Amino acid sequence: MQPFRRNAQRPAGHLVGFRATLTAVGMGSSILPERRRATLPGDDRNRAERKYLRFAAVGIQYTLTILLLTLFGIWLDGRLGTRWLFTLVLLLLGFVGATLSLIHQVLGPDDPSKKK
């Protein structure tokens, strides 16, 4: 003798039937709300994502500008026989240029029509 016996098997889509039952009773929308795509209010999702994607490469651009100018300075110093003159000058030039570019990209206008 079995203490617990199942009388009927649940159908494969038992949640679909449960949702339909709750909706028919008038409880479906509050208990199991329909899934909707996430959107930003009053804005196109793709446009909002593109707005922030422009900051994704700022750090890489900043690093590469300084690194490439410094490496070019090291190469020039080795080629011309000057000890550290071009390395220092191009390092400082890369740092100042990359910082100004960073400031312009981060604090600059968002609207392309406002850019000069």
Side-chain angles (χ1 to χ4, degrees):
M1 191 167 137
Q2 292 178 336
F4 176 74
R5 203 168 110 178
R6 251 176 133 166
N7 292 334
Q9 294 279 339
R10 287 187 176 170
H14 69 278
L15 288 179
V16 176
F18 183 67
R19 183 184 300 263
T21 303
L22 289 177
T23 305
V25 175
M27 297 169 39
S29 61
S30 63
I31 293 178
L32 297 172
E34 293 293 324
R35 294 187 76 181
R36 290 180 280 156
R37 285 185 57 188
T39 57
L40 299 174
D43 198 6
D44 181 29
R45 184 179 182 92
N46 292 331
R47 191 176 73 199
E49 287 175 355
R50 281 192 309 261
K51 181 179 175 183
Y52 295 106
L53 277 179
R54 68 186 176 126
F55 297 119
V58 170
I60 295 170
Q61 177 185 347
Y62 186 82
T63 304
L64 284 179
T65 302
I66 295 172
L67 180 67
L68 291 177
L69 284 174
T70 303
L71 290 175
F72 184 63
I74 292 170
W75 180 81
L76 273 179
D77 284 336
R79 187 94 164 153
L80 299 175
T82 56
R83 292 186 180 195
W84 46 265
L85 177 68
F86 287 108
T87 303
L88 184 63
V89 169
L90 289 176
L91 171 69
L92 292 175
L93 181 68
F95 180 73
V96 169
T99 302
L100 289 175
S101 176
L102 175 79
I103 290 170
H104 178 70
Q105 288 180 10
V106 172
L107 299 179
D110 291 337
D111 188 17
S113 64
K114 293 180 182 179
K115 292 183 180 178
K116 293 181 181 179

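Since this is a predicted model, take the numbers as computed values, not measurements.
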Linking Ile, Leu, Val, Met, Phe, Trp and Tyr by side-chain heavy atoms under 4.5 Å, what else ends up with L92?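 Via sub-4.5 Å side-chain contacts, L92 links to W84, L88.
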
Could you list the cluster mates of L80? Members are the ILVMFWY residues connected by side-chain heavy atoms closer than 4.5 Å, either directly or through other members.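 When side chains under 4.5 Å apart are linked, the cluster holding L80 also contains L69, F72, W75, L76, F86, L90, L93.
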
Joint cluster assignment, L100 & V106, ILVMFWY side-chain distance < 4.5 Å: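 Hydrophobic grouping puts L100 apart from V106.
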
Applying the 4.5 Å side-chain criterion to the ILVMFWY set and letting contacts propagate, would I103 and V58 be lumped into a single cluster?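 Result: yes, single cluster for both.
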
Measure the CG-CD1 distance between L91 and I74 for me, rounded to the nearest 0.5 Å.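 Answer rounded to 0.5 Å: 9.0 Å.
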
To the nearest 0.5 Å, tell me how far T63 OG1 sits from Q61 CD.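 Output value for this atom pair is 10.0 Å.
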
For F95, does the CZ atom have more than 12 heavy-atom neighbours from other residues, nucleotides or ligands under 6.0 Å away?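 Counting other residues, nucleotides and ligands, CZ of F95 stays at 12 neighbours or fewer.
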
